[in-house]
Amino acid sequence: MDISVVIPLYNEAESLPELTAWIERVMAENNFSYEILFINDGSTDDSWEVINTLAERNPAIKGVSFRRNYGKSPALNTGFRHAKGDVVITMDADLQDSPDEIPGLYRMITEERYDLVSGWKQKRYDPLSKTIPTKLFNATARKVSGIHNLHDFNCGLKAYRNKVVKHIEVYGDMHRYIPYLAKNAGFNRIGEKVVHHQARKYGKTKFGLDRFVNGYLDLATLWFTGKFGAKPMHFFGLLGSLMFILGFIAVAIVGLTKLYNMHAGNHYTLVTDSPYFYLSLVMMILGTQLFLTGFIGELVVRNSTRRNSYEIESELNITD
Ligand code: UDP
Ligand code: MG
C-alpha cells in the first residue's frame with residue numbers, strides 16, 4: 001500500500017464527507033493505493049455515523065472510535081499503530097489542510113528520501129491571537145530541538161516514512177513536537193514543504209490559549225528527558241553539588257571571620273547576625289535536596305523496563 005492517511009477528529013461531522021471525497025479524488029488521479037484511517041476522538045456529534053456511512057461504499061475507509069475524548073496526540077498515536085502504507089500522511093479533519101498536497105508530500109518521502117516532511121502554513125488563515133504566539137513558540141522549539149529548518153512544528157499536515165511512525169510514541173500533548181520526537185529516535189532527514197491553508201469552514205477550533213502554556217511546559221519536558229532522562233544525576237547532582245559547595249564556603253567564611261576577630265581581640269558579631277549565614281544554610285539544604293532528587297531519579301531509571309532499549313538501524317550476523 002502506498003499511503004495511509006491518518007485523520008484525528010473531534011466533532012467534525014460537517015467536514016467529513018467533503019474531505020473524504022477530496023482525498024478519494026486525489027488518490028484516484030494519482031493511482032495511489034491507500035487507506036484512510038479516521039480516529040474518532042470521542043466526538044459527541046454524529047461524526048462516527050458519518051464515517052460508517054462513508055465506509056459503506058469505500059472499503060479503503062477505516063476507523064477507530066474512542067469512547068471518550070482523549071486529545072489529538074492519543075488519536076494520532078492510535079492511527080500510527082494501525083497505519084500500513086509506505087508513507088503515512090496526517091491531516092486535520094476540518095478542511096484547513098488541503099489533500100492536494102498529498103502527491104507532493106509522497107514524492108518528498110519516496111524520491112527525496114526524507115524521513116519526515118512537515119507542512120508549513122506560510123500564509124495562514126487563522127486569527128492574529130493564534131499566529132503571533134505561534135511564531136514565538138516555533139522560534140523556541142527550533143532552538144531547543146536543534147531542528148533549525150522548520151518554521152511550523154505543529155502543522156497538522158505531515159508525511160512520514162512508515163518506519164518513523166512505528167518508532168515514535170505520541171502521548172499527552174506531544175503532537176506539537178513530533179519532529180523533535182522523530183529526531184530523538186534517530187530520524188534526521190526532516191524536511192519542510194510550504195502548504196496551502198484555509199480558514200475553518202465548519203465547526204470551531206478545539207484548542208484555546210492554554211495551548212501556549214502547555215506547549216512550553218511540554219518543550220521543557222522533552223528537552224529534559226532527551227538530555228537527562230537516562231542519567232538524571234548528571235543534572236541534579238551537578239546543580240546540587242554546586243549549591244552545597246557554595247553554601248559551605250560562604251558559611252565557612254562567616255564562621256572563620258568570627259573566630260579570627262575573636263582571637264585577634266577585634267569587635268565581632270554573632271554568626272546568626274549575618275544574612276550570609278542564612279543564605280548559606282538555605283543553599284546547603286537545597287543542594288542536598290537536589291542531590292537526593294538525582295538519586296531518586298537514578299533509582300527510577302534503574303527500574304524502567306526501557307532503560308536499555310535503543311533504536312537499532314541494522315545488524316550484521318546477529319543470530320539470536
Ligand atoms: N482534534 C482531536 N481531538 C481533540 C482536539 C482536536 O482529534 O481533542 C482534532 C480536530 O478534530 C482536528 C485537529 O485535531 O481534526 C486539529 O484541531 P483544530 O482544527 O481544532 O486545531 P487548530 O486548527 O485550531 O489548531
Ligand atoms: Mg484546524
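Model, not experiment: these values are computed from the prediction. Both counts, for ligands and for their atoms, begin at 1 and track the order of listing.
The protein heavy atom nearest to atom 22 (P) of ligand 1 is Lys130 NZ, 3.6 Å. The shortest contact between atom 19 (O) of ligand 1 and any protein heavy atom is with Asp94 OD2, 2.5 Å.
Protein N, O or S atom count below 2.8 Å of the Mg ion (ligand 2): the structure gives 2.
Judged by the 6.0 Å and 45° rule, Lys231 forms no cation-pi pair with Phe235.
The distance between the ring centers of Phe32 and Tyr106 falls below 6.0 angstrom. A distance below 6.0 Å separates the ring centres of Tyr160 and Phe80.
Near Arg211, meaning under 4.0 Å from any of its heavy atoms, are these atoms of ligand 1: 24 (O), 25 (O). The Glu12 neighbourhood of ligand 1 comprises atoms 10 (C), 11 (O), 12 (C), 15 (O), with distances under 4.0 Å to a heavy atom of that residue. Atoms of ligand 1 lying under 4.0 Å from any heavy atom of Arg200, numbered from 1 in the order shown and given with element: 18 (P), 19 (O), 20 (O).
Not a single heavy atom of Gly156 sits closer than 4.0 Å to an atom of ligand 1.
For Tyr260, the OH atom sits in a loose shell: 12 or fewer heavy atoms of surrounding residues, nucleotides or ligands are nearer than 6.0 Å.
Listed by chain and residue number, nothing satisfies the side chain to side chain donor-acceptor pair (under 3.5 Å) test with Tyr278 (two or more places apart in sequence, or in another chain).
Under 4.0 Å from ligand 1, heavy atoms of Thr205 appear from its side chain as well as its backbone.
For residues 60-69, every residue pair satisfying the side-chain hydrogen bond (donor to acceptor under 3.5 Å, both in side chains) rule, not counting sequence neighbours, is listed here: Glu35-Lys62, Asn40-Ser65, Asp41-Asn69.
Between Phe207 and ligand 1, not a single N/O pair is under 3.5 Å apart. Ligand 1 has an N or O atom lying under 3.5 Å from an N or O atom of Ala93, backbone or side chain.
By the 4.5 Å side-chain criterion applied to Ile, Leu, Val, Met, Phe, Trp and Tyr, Leu209 is assigned to a cluster that also includes Phe212.
Between Tyr34 and Ile102 there is no side-chain heavy-atom pair separated by less than 4.5 Å.
Of the candidates Lys72, Lys206, Lys121, Arg176, the one placing a heavy atom closest to atom 20 (O) of ligand 1 is Lys206.
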